[in-house]
Student: 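Here it is: the structure, laid out below.
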Amino acid sequence: MKVLVIGGGAREHALCRSLSLDPDVTALHCAPGNAGIAEVAELHPVDAMDGAAVARLATELEARLVVVGPEAPLVAGVADAVRDAGIACFGPSAEAARLEGSKAFAKAVMAAAGVPTGRSYVCTTPEEIDRALDAFGAPFVVKDDGLAAGKGVVVTDDLAAAREHALACGRVVIEEFLDGPEVSLFAITDGRTVLPLRPAQDFKRALDGDEGPNTGGMGAYSPLPWADPKLVDEVMETVLQPTVDELRRRGTPFSGLLYAGLAITGRGVRVIEFNARFGDPETQVVLARLRTPLAGVLLAAAEGRLADLPELVWRDDAAVTVVVASHNYPGTPRTGDPIEGLADVVAQDAPHAYVLHAGTRLADDGSTVLSAGGRVLSVTATGKDLGQARERAYAAVDRIRLDGSQHRTDIACEAAEA
Ligand code: AMP
Ligand code: GLY
């Protein structure tokens, strides 16, 4: 089948890599893509946010399946535009994607479905904000209601900083602080049947030891040796299935990837957030472990046939990914620097370690790869356990040269020693 992937980050590179290894995929296209995706898919300079343009491209390419990677096009209705053109699309409708697009909507769905999450207030006035901050006390958790590319959430002990962020947001969700390790659990769903993937953990802070500002994610690993083996079953029963059922009941079924960001608190599992798409960088490690060819699973979800699918098959391997970011990320990143050493990773580390591109582009010479964003590369490796996957990932990171770049050195470190 012919497949078109929309987006151009490391998540889309991971999706394209898996799809390119799937014998059922006869042609793979991506828009807009990046320098790494260009090695496995044909790129098209189409704006991911333009639903009509995406639908036109999919029609021209005779795509059997379109996969929309990032949240912004989903919230903007790009999956609806593709489906309206009669083409199967993996990704929720704009209405269902509000689960990610509006934190207040997500809270309302969770309340209706009885899904465990932190207590919260939706506030729009300074008086409401002060009352909510006062009710919870420090540490304060203040979330912009809308999409903010990972920058809408402030967690702080500083009341003045919490208040300032809340006032800047307009509509804001102020929430109880949830203490405990975080887990990302993805599920593929067709709006009725829910197929959980393997849990992963993301490292959101910029610096080692979970210091520094929040980022889009600096690394991830899977499996989680420290987690309760019953975690997936529990989250299926208390979170994923009830949420999917509630959205169907409302007449806005959610089909695509439902991402539950969870806190494992002393009082049990709580949802921190929902996302309406594959997470980045967790996708890199989850897909590295999936043996079942991907295209058939995504197509079955898009066509409402998940119940007929055989169980997913997983490798025993562990996987680790380390994000290499530009100088100054998550602030305004420096871009346009040449990246060297990519061929060395292919020569010396494949197939166990490989580089997935995030913010990269080809220079005009057609061969030099340049940095083009905050998160530049996601260096991914598999191994018999997390220790080996970690060693392989960092060996590959060490071969890469990008002036001023930064990465965390402690991805999966604690879990590997557990
Ligand atoms: P989000 O954009 O909702 O994923 O939030 C970004 C990060 O902020 C999360 O990964 C958590 O580390 C942190 N966070 C969000 N909500 C809470 C909460 N209620 N309690 C503690 N930390 C939180
Ligand atoms: N890994 C966090 C996210 O994708 O939102």
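Computed over heavy atoms, backbone and side chain alike; hydrogens, waters and symmetry mates excluded. Numbering of residues begins at 1 and proceeds along the displayed sequence.
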Student: Pair up each side-chain donor or acceptor in residues 407-418 with any protein partner under 3.5 Å, not counting sequence neighbours, and list the distances.
Tutor:
{"residue": "Arg408", "atom": "NE", "partner": "Leu207", "partner atom": "O", "Å": "3.4"}
{"residue": "Arg408", "atom": "NE", "partner": "Asp410", "partner atom": "OD1", "Å": "2.9"}
{"residue": "Arg408", "atom": "NH1", "partner": "Arg205", "partner atom": "O", "Å": "3.0"}
{"residue": "Arg408", "atom": "NH1", "partner": "Leu207", "partner atom": "O", "Å": "3.3"}
{"residue": "Arg408", "atom": "NH1", "partner": "Asp210", "partner atom": "OD1", "Å": "3.1"}
{"residue": "Arg408", "atom": "NH2", "partner": "Asp210", "partner atom": "OD1", "Å": "3.1"}
{"residue": "Arg408", "atom": "NH2", "partner": "Asp410", "partner atom": "OD1", "Å": "3.1"}
{"residue": "Arg408", "atom": "NH2", "partner": "Asp410", "partner atom": "OD2", "Å": "3.0"}
{"residue": "Thr409", "atom": "OG1", "partner": "Asp208", "partner atom": "OD2", "Å": "2.4"}
{"residue": "Asp410", "atom": "OD2", "partner": "Gly209", "partner atom": "N", "Å": "2.7"}

Student: Would Arg390 count as a cation-pi partner of Tyr221, with NZ or CZ less than 6.0 Å from the six-membered ring centre and within 45° of the ring normal?
Tutor: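 Checked: cation-pi criterion not met.
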Student: Can a donor-acceptor pair be found, under 3.5 Å and without considering hydrogens, that links the side chain of Arg198 to the backbone of Val285?
Tutor: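 No; judged by distance alone, with no hydrogens or angles, the pair does not exist.
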Student: Where do Gly296 and Leu309 come nearest, in terms of heavy atoms and distance?
Tutor: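 Smallest interatomic distance, heavy atoms only, reads O-CD1, 4.3 Å.
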Student: Measuring only between side-chain heavy atoms, which start at C-beta, is Val115 closer than 4.5 Å to Thr238?
Tutor: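 Side-chain contact under 4.5 Å: no.
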Student: For residues 312-320, which side-chain N or O atoms pair as donor and acceptor with protein atoms under 3.5 Å away, sequence neighbours left out?
Tutor:
{"residue": "Arg315", "atom": "NE", "partner": "Ala288", "partner atom": "O", "Å": "3.4"}

Student: Should the pair Glu175-Arg119 be classified as a salt bridge under the 4.0 Å nitrogen-to-oxygen rule?
Tutor: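 Between Arg119 and Glu175 there is no salt bridge, as every charged N stays at least 4.0 Å from the carboxylate O atoms.
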Student: Flag the pair Pro253 / Leu247 as yes when at least one side-chain heavy-atom distance between them is below 4.5 Å, and no otherwise.
Tutor: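 No - every pair of side-chain heavy atoms lies 4.5 Å or more apart.
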Student: Knowing that exactly one of Pro333, Ser405, Ser326 qualifies, which makes a side chain to side chain contact (heavy atoms under 4.5 Å, CB included) with Val376?
Tutor: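 Per the side chain to side chain contact (heavy atoms under 4.5 Å, CB included) rule, the option paired with Val376 is Ser326, out of Pro333, Ser405, Ser326.
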Student: Is it the case that the side chains of Asp179 and Thr265 hold a donor-acceptor pair, with the cut-off being a distance below 3.5 Å and no angle test?
Tutor: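 On atom types as modelled, these side chains do not qualify, holding no pair under 3.5 Å.
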Student: Do Leu195 and Val297 have side-chain heavy atoms sitting under 4.5 Å apart?
Tutor: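 Yes, side chains in contact.
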Student: Is it the case that Tyr259 and Glu100 place a side-chain donor and acceptor less than 3.5 Å from each other?
Tutor: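 No, Glu100 and Tyr259 have no side-chain donor paired with an acceptor closer than 3.5 Å.
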Student: Under 30°, 30 to 60°, or over 60°: which ring-plane class applies to Phe278 and Phe186, parallel, tilted or perpendicular?
Tutor: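 Taking Phe186 first and then Phe278, their aromatic rings stand perpendicular (interplane angle over 60°).
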Student: Would Leu342 and His357 count as a side-chain contact (heavy atoms from CB on, under 4.5 Å) if you check the C-alpha gap in whole Å, the side-chain angles of each, and the deciding distance to 0.1 Å?
Tutor: CA-CA 10 Å; Leu342 294 169; His357 291 221; 4.1 Å; yes
Student: Return the CG to SG distance between Asp144 and Cys169, rounded to the nearest 0.5 Å.
Tutor: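 Rounded to the nearest 0.5 Å, the CG-SG separation comes out at 4.0 Å.
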Student: When you check the gap from the basic side-chain N to the acidic O, do Arg163 and Asp130 get nearer than 4.0 Å?
Tutor: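 Yes, this pair counts.
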Student: List the atom of Gly216, the atom of Tyr329, and the distance in Å for their closest heavy-atom pair.
Tutor: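 That closest heavy-atom pairing would be N-OH, 2.9 Å.
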Student: What do you reckon, is CD of Glu237 surrounded by more than 12 foreign heavy atoms closer than 6.0 Å?
Tutor: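 Open: at most 12 neighbouring heavy atoms sit under 6.0 Å from CD of Glu237.
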Student: Look at the side chain of Asp337 and the backbone N and O of Ser371, then say whether any donor-acceptor pair between them is shorter than 3.5 Å.
Tutor: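 No; zero donor-acceptor contacts below 3.5 Å.
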Student: Write down the atom of Phe140, the atom of Leu133, and the distance for their closest heavy-atom approach.
Tutor: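 Shortest heavy-atom separation between Phe140 and Leu133 comes out as CE2-O, 3.4 Å.
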Student: For Glu246 and Arg250, run side-chain contact (heavy atoms from CB on, under 4.5 Å): C-alpha distance rounded to whole Å, both residues' side-chain angles, the deciding distance at 0.1 Å, then the answer.
Tutor: CA-CA 6 Å; Glu246 171 63 18; Arg250 289 173 178 230; 2.7 Å; yes
Student: If you look at every heavy atom in Pro70 and Arg11, which pair is closest and at what distance?
Tutor: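 Heavy atoms of Pro70 and Arg11 come nearest at CA-NH2, 3.4 Å.
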Student: How about His352 and Gln388: do any of their side-chain heavy atoms sit closer than 4.5 Å?
Tutor: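 His352 vs Gln388: side chains apart.
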Student: Could you tell me whether a side-chain N or O of Thr117 sits under 3.5 Å from a main-chain N or O of Val271, the two making a donor and an acceptor?
Tutor: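 Such a contact is found between Thr117 side chain and Val271 backbone.
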Student: Short question: side chain of Glu182, backbone of Ile264 - any donor-acceptor pair under 3.5 Å?
Tutor: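 Judged by distance alone, no pair lies under 3.5 Å.
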Student: Can you tell me how far apart CG (Leu258) and CG (Leu99) are? Round to the nearest 0.5 Å.
Tutor: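 Going from CG on Leu258 over to CG on Leu99, the span is 6.0 Å.
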Student: Tell me if a side-chain donor or acceptor on Arg277 pairs with a main-chain N or O of Gly91 at a distance below 3.5 Å.
Tutor: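 Absent.
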Student: Do Trp226 and Pro181 have side chains that get closer than 4.5 Å, going by heavy atoms?
Tutor: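 When only atoms from C-beta onward are counted, Pro181 and Trp226 do touch, with a gap below 4.5 Å.
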Student: To the nearest 0.5 Å, how far apart are CD1 in Ile174 and SG in Cys123?
Tutor: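 The CD1 atom of Ile174 sits 4.0 Å away from the SG atom of Cys123.
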Student: Taking all non-hydrogen atoms of both residues, which atom of Gly191 and which atom of Val244 are closest, and how far apart?
Tutor: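 That closest heavy-atom pairing would be O-CG1, 3.3 Å.
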Student: Could you check whether Asp245 pairs with Arg248 (Lys NZ or Arg NE/NH1/NH2 to Asp/Glu carboxylate O, under 4.0 Å)?
Tutor: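 A salt bridge links Asp245 with Arg248.
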Student: Are Arg98 and Phe105 in a cation-pi setup, meaning NZ or CZ lies under 6.0 angstrom from the ring centre and within 45 degrees of the ring axis?
Tutor: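 Geometry flag: set, cation within 6.0 Å and 45°.
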Student: Would you compute the distance between atom CG of Leu4 and atom NE2 of His44 and round it to the nearest 0.5 angstrom?
Tutor: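 It comes to 7.0 Å.
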Student: Looking at Glu176 and Arg267, is any side-chain nitrogen of the basic one under 4.0 Å from a carboxylate oxygen of the acidic one?
Tutor: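 A salt bridge links Arg267 with Glu176.
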Student: Mind checking the OG1-CD spacing from Thr215 to Gln406? Nearest 0.5 Å is all I need.
Tutor: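 Thr215 atom OG1 to Gln406 atom CD measures 9.0 Å (nearest 0.5 Å).
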Student: Does some side-chain heavy atom of Ile37 sit less than 4.5 Å from a side-chain heavy atom of Leu43?
Tutor: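 Leu43 vs Ile37: side chains touch.
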Student: Is it true that atom CZ of Arg289 has more than 12 heavy atoms of other residues, nucleotides or ligands lying nearer than 6.0 Å?
Tutor: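 More than 12 within 6.0 Å, yes.
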Student: Is a side-chain donor or acceptor of Thr321 paired with a backbone partner of Ala220 at a separation under 3.5 angstrom?
Tutor: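 Side chain of Thr321 to backbone of Ala220, a donor-acceptor pair under 3.5 Å: no, none is there.
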Student: Is a side-chain N or O of Ser222 found less than 3.5 angstrom from the main chain of Pro199, in a donor-acceptor match?
Tutor: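 Checking the backbone N and O of Pro199 against the side chain of Ser222, a donor-acceptor pair under 3.5 Å is found.
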Student: Would you check if Leu65 and Cys89 make a side-chain contact, meaning some heavy-atom pair closer than 4.5 Å?
Tutor: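 Of all side-chain heavy-atom pairs linking Cys89 with Leu65, none is under 4.5 Å.
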Student: Would a distance-only check, ignoring hydrogens and angles, find a side-chain to backbone donor-acceptor pair under 3.5 Å from Asp349 to Ala353?
Tutor: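 No; zero donor-acceptor contacts below 3.5 Å.
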Student: For Thr243 and Val109, run side-chain contact (heavy atoms from CB on, under 4.5 Å): C-alpha distance rounded to whole Å, both residues' side-chain angles, the deciding distance at 0.1 Å, then the answer.
Tutor: CA-CA 7 Å; Thr243 300; Val109 170; 4.2 Å; yes
Student: Judged by atom type as modelled, is there a donor-acceptor pair below 3.5 Å linking the side chain of Asp50 to the main-chain atoms of Ala52?
Tutor: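 Answer holds: yes.
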Student: Is the shortest side-chain N to carboxylate O distance from Arg131 to Glu127 below 4.0 Å?
Tutor: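 Glu127 and Arg131: not salt-bridged.
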Student: Assess the side chains of Gln284 and Thr380: does a donor N or O sit below 3.5 Å from an acceptor N or O?
Tutor: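 Side chains of Gln284 and Thr380: no pair found under 3.5 Å.
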Student: Between Asp22 and Ala295 (side chain of the first, backbone of the second, donor and acceptor by atom type, cut-off under 3.5 Å), is there such a pair?
Tutor: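 Between the backbone of Ala295 and the side chain of Asp22 there is a qualifying donor-acceptor contact (under 3.5 Å).
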Student: Side chains of Thr283 and Asp280: any donor to acceptor distance under 3.5 Å?
Tutor: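 The answer is no; no qualifying pair exists.
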Student: Can you confirm whether more than 12 heavy atoms, excluding those of Glu128, are under 6.0 Å from its CD atom?
Tutor: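 Atom CD in Glu128 is packed in, count exceeds 12.
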Student: Please evaluate residues Asp145 and Ser102 with respect to the criterion side chain to side chain donor-acceptor pair (under 3.5 Å), reporting the C-alpha separation (whole Å), side-chain torsions for both, the decisive distance (0.1 Å), and the verdict.
Tutor: CA-CA 5 Å; Asp145 180 46; Ser102 165; 3.0 Å; yes
Student: Taking atom CD of Gln348 as the centre, report whether more than 12 heavy atoms of other residues, nucleotides or ligands fall under 6.0 Å from it.
Tutor: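 Yes, enclosed.
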Student: List the atom of Asn34, the atom of Gly9, and the distance in Å for their closest heavy-atom pair.
Tutor: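 Of all heavy-atom pairs spanning Asn34 and Gly9, the closest is ND2-O, 3.8 Å.
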Student: Are Arg399 and Asp344 ion-paired here, with the side-chain N under 4.0 Å from a carboxylate O?
Tutor: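 No, this pair does not count.
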Student: Looking at side-chain heavy atoms only, is the closest gap between Tyr394 and Val322 below 4.5 Å?
Tutor: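 Yes, side chains in contact.
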Student: Hey, mind stepping through Ile6 and Val66 against side-chain contact (heavy atoms from CB on, under 4.5 Å) and telling me if it holds?
Tutor: CA-CA 7 Å; Ile6 302 302; Val66 175; 4.0 Å; yes
